[in-house]
Number of protein chains: 2
Amino acid sequence: MATAPDRLRKAVEKLKATGVRMTPQRHAILEYLLSTMSHPTADEIYKALEKDFPNMSVATIYNNLRLFKEAGLVRELTYGDSSSRFDANMSDHYHIICRRCGKITDFEYPPLIEVEEEAARKTGFRVDSHRMEVYGLCAECQ
Amino acid sequence: MATAPDRLRKAVEKLKATGVRMTPQRHAILEYLLSTMSHPTADEIYKALEKDFPNMSVATIYNNLRLFKEAGLVRELTYGDSSSRFDANMSDHYHIICRRCGKITDFEYPPLIEVEEEAARKTGFRVDSHRMEVYGLCAECQ
DNA sequence: ATAACTGCAAACGTTTTGCTACGCA
DNA sequence: TGCGTAGCAAAACGTTTGCAGTTAT
């Protein structure tokens with residue numbers, strides 16, 4: 001398991017390799033995403049970094065999130081609720097979401113390759129990925 | 001396999017049992033949802049029914065979709081794209097989505113019960129459901 | 001008759017865009 | 001120094017809401 005600073009350094013390298021520049025704001029957003037397990041929304045990132053960057057605009061958050069997504073550093077999670085969440089944990093894992101408090105918890109499970117294969121067989125698609133989430137009530141909300 | 005008019009009749013019954021009234025607009029929206037495999041957005045439903053109901057408002061579409069959802073007649077699909085899609089096929093099935101043209105195709109696969117069980121075991125959640133989609137390129141887009 | 005519904009327009013929250021000034025490389 | 005980027009505000013977008021008039025039961 002790589003340490004947090006280690007993952008940050010690798011992410012910065014990967015970003016720079018795509019030709020983008022490192023700005024303090026960009027660095028802070030990336031660092032925050034890599035440090036948290038909370039799958040924050042754009043607005044939550046905005047609020048979390050407000051004290052360090054009182055002048056940062058939401059547009060900067062969104063611009064950078066798009067950039068990170070394109071670089072393969074974060075995943076966008078679109079659940080039923082109003083806003084997207086962002087996950088910088090790119091390892092194979094799935095999410096379980098509490099219907100009551102909205103908490104998102106990671107859990108490990110072997111990738112569902114056989115579902116992808118069966119879907120490809122039945123539909124004629126060329127499959128590249130899948131997504132799965134489980135819903136329920138977390139321990140506190142039961 | 002039930003016929004389309006048959007499913008419509010059953011759906012109307014189920015709705016009426018919840019105490020709502022049947023209006024021509026409501027009936028048309030429901031009929032359209034049950035007749036198509038295309039998982040339409042609210043706006044697509046709006047456009048499809050425009051010729052029959054030139055004065056129908058989008059609010060009516062949204063009101064009814066919420067009602068249908070609460071009655072368990074349709075499912076709301078929230079993928080990454082900007083707007084929700086609605087699926088009146090309530091049988092156990094999963095979706096495969098084309099990254100290029102956005103087409104959504106149903107495919108059957110045994111429900112992933114064991115994933116739910118494992119998630120519950122690992123996280124302490126009480127699980128009630130899950131959601132899964134496969135992504136790729138459809139036969140035409142490859 | 002009356003409670004539920006439609007249509008309309010305005011409001012809402014999230015995300016995107018156009019632009020100017022700034023600052024990293 | 002030059003191009004990419006941040007900040008700002010306005011716009012865009014899908015969706016929800018409040019209300020007045022209409023309609024199914």
Side-chain angles (χ1 to χ4, degrees), chain A residues 12-33 39-71 73-86 102, chain B residues 12-33 39-71 73-86 102:
Chain A
V12 169
E13 267 171 36
K14 191 166 177 181
L15 257 187
K16 286 195 166 175
T18 72
V20 304
R21 294 178 185 168
M22 257 308 156
T23 65
Q25 293 89 337
R26 179 162 298 160
H27 193 272
I29 297 169
L30 194 51
E31 182 172 30
Y32 180 70
L33 278 167
H39 313 84
T41 62
D43 194 59
E44 282 164 6
I45 300 171
Y46 180 66
K47 288 191 168 57
L49 300 181
E50 211 167 25
K51 56 179 191 312
D52 293 327
F53 298 89
N55 297 318
M56 184 159 58
S57 103
V58 274
T60 298
I61 308 272
Y62 281 107
N63 285 340
N64 279 291
L65 288 172
R66 179 162 37 81
L67 213 70
F68 298 164
K69 234 177 16 172
E70 285 165 6
L73 294 171
V74 306
R75 257 192 288 258
E76 184 173 0
L77 312 175
T78 54
Y79 303 139
D81 47 340
S82 46
S83 47
S84 288
R85 299 188 159 272
F86 296 87
Chain B
V12 169
E13 268 171 34
K14 191 166 177 180
L15 257 186
K16 285 196 168 175
T18 71
V20 305
R21 296 176 183 169
M22 265 331 274
T23 64
Q25 293 89 338
R26 178 163 298 161
H27 194 273
I29 297 168
L30 193 51
E31 183 173 28
Y32 180 70
L33 278 167
H39 314 85
T41 62
D43 193 60
E44 282 163 8
I45 300 170
Y46 180 67
K47 287 193 168 57
L49 300 182
E50 210 167 26
K51 56 180 191 312
D52 293 327
F53 299 88
N55 296 318
M56 184 160 58
S57 104
V58 274
T60 298
I61 307 273
Y62 281 107
N63 285 341
N64 280 290
L65 287 172
R66 178 161 39 80
L67 214 70
F68 298 164
K69 235 180 11 176
E70 285 166 5
L73 293 172
V74 305
R75 256 192 288 259
E76 183 173 0
L77 311 176
T78 54
Y79 302 141
D81 48 339
S82 45
S83 47
S84 288
R85 300 188 159 273
F86 296 87

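The shown structure was predicted, so the numbers you read here are calculated from the model rather than taken from an experiment.
Between A:Glu70 atom CD and D:dT5 atom C1' the separation is 15 Å, expressed in whole Å. B:Ile61 places its CD1 atom 15 Å from the P atom of C:dC5, with the value rounded to the nearest Å. Between B:Tyr46 atom OH and D:dT15 atom P the separation is 14 Å, expressed in whole Å. Between the CZ atom of B:Phe53 and the C1' atom of D:dT23 there is a distance of 14 Å, given to the nearest Å. In this structure, B:Met22 atom CE and D:dT25 atom P are separated by 8 Å, rounded to whole Å. The CG atom of B:Asp81 sits 15 Å away from the C1' atom of D:dT15 (whole-angstrom rounding). Counting to the nearest Å, the P atom of D:dT23 and the NE2 atom of B:His27 are 18 Å from each other. The separation between B:Tyr79 atom OH and D:dG14 atom P is 18 Å, rounded to whole Å.
With sequence neighbours left out, A:Arg66 forms a side-chain hydrogen bond (donor to acceptor under 3.5 Å, both in side chains) with A:Asn63. B:Asp81 pairs by the side chain to side chain contact (heavy atoms under 4.5 Å, CB included) definition with B:Tyr79, B:Arg85, not counting sequence neighbours. Partners of A:Glu76 according to the side chain to side chain contact (heavy atoms under 4.5 Å, CB included) rule, which considers only residues two or more places apart in sequence or in another chain, are A:Lys69, A:Thr78, A:Ser84, A:Phe86. Legend: residues meeting side chain to side chain contact (heavy atoms under 4.5 Å, CB included) with A:Ala42, ordered by chain and number and at least two apart, are A:Ile61, A:Tyr62, A:Leu65. Applying the side chain to side chain contact (heavy atoms under 4.5 Å, CB included) test to A:Asp43 and every residue at least two apart in sequence or in another chain returns A:Thr41, A:Tyr46, A:Lys47.
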Got a list of protein N/O to nucleotides 8-11 of chain C N/O distances below 3.5 Å?
{"residue": "C:dC8", "atom": "OP2", "partner": "B:Asn55", "partner atom": "O", "Å": "3.0"}

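Of the side-chain N and O atoms in B:Arg26, one or more sit less than 4.0 angstrom from OP1 or OP2 of C:dT6. A sub-4.0 Å separation between OP1 or OP2 of D:dG7 and a side-chain N or O of A:Gln25 is present. One finds no side-chain N or O of A:Ser82 lying less than 4.0 angstrom from the OP1 or OP2 phosphate oxygen of C:dG13. Taking 4.0 angstrom as the limit, B:Tyr62 places none of its side-chain polar atoms (N or O) nearer than this to OP1 or OP2 of D:dT16. Look at B:Asn64 and you'll find a side-chain N or O under 4.0 angstrom from OP1 or OP2 of C:dT6.
Both A:Thr23 and B:Arg66 lie near DNA chain D, and the one whose nearest nucleotide falls closer to the 5' end is A:Thr23.
Considering only the side chain of B:Asn63, C:dT6 comes nearest among C:dT6, D:dA6, C:dT15. Minimum atom distance to the side chain of B:Pro24 is reached by D:dA24, of the listed C:dT6, D:dA24, D:dG14. Comparing C:dT6, D:dT15, C:dT17 by their nearest atom to the side chain of B:Ser84 picks out D:dT15.
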Under 3.5 Å, which donor-acceptor pairs do the side chains of residues 19-28 of chain A form with other protein atoms, sequence neighbours left out?
{"residue": "A:Thr23", "atom": "OG1", "partner": "A:Arg26", "partner atom": "N", "Å": "3.1"}
{"residue": "A:Arg26", "atom": "NE", "partner": "A:Asn64", "partner atom": "OD1", "Å": "2.5"}
{"residue": "A:Arg26", "atom": "NH1", "partner": "A:Arg21", "partner atom": "O", "Å": "2.7"}
{"residue": "A:Arg26", "atom": "NH2", "partner": "A:Asn64", "partner atom": "OD1", "Å": "3.3"}

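Side-chain atoms of A:Ile29 and A:Phe68, non-hydrogen and from C-beta on, do get closer than 4.5 Å to each other.
Here the straight-line distance linking atom CG of B:Leu15 with atom CG of B:Leu30 works out to 6.0 Å at 0.5 Å rounding. Here A:Arg75 contributes atom CZ and A:His39 contributes atom NE2; the two are 9.0 Å apart, rounded to the nearest 0.5 Å. The line from CD of A:Glu50 to CG of A:Asn55 is 10.5 Å long, rounded to the nearest 0.5 Å.
In this structure, the helix from C:dA1-D:dT25 to C:dA25-D:dT1 shows an angle of 40° between the axis at its start and the axis at its end, each fitted on 5 base pairs and rounded to 10°.
The stretch residues 14-21 of chain B touches DNA chain D through B:Lys16, B:Arg21, each having a heavy atom under 4.0 angstrom from the strand.
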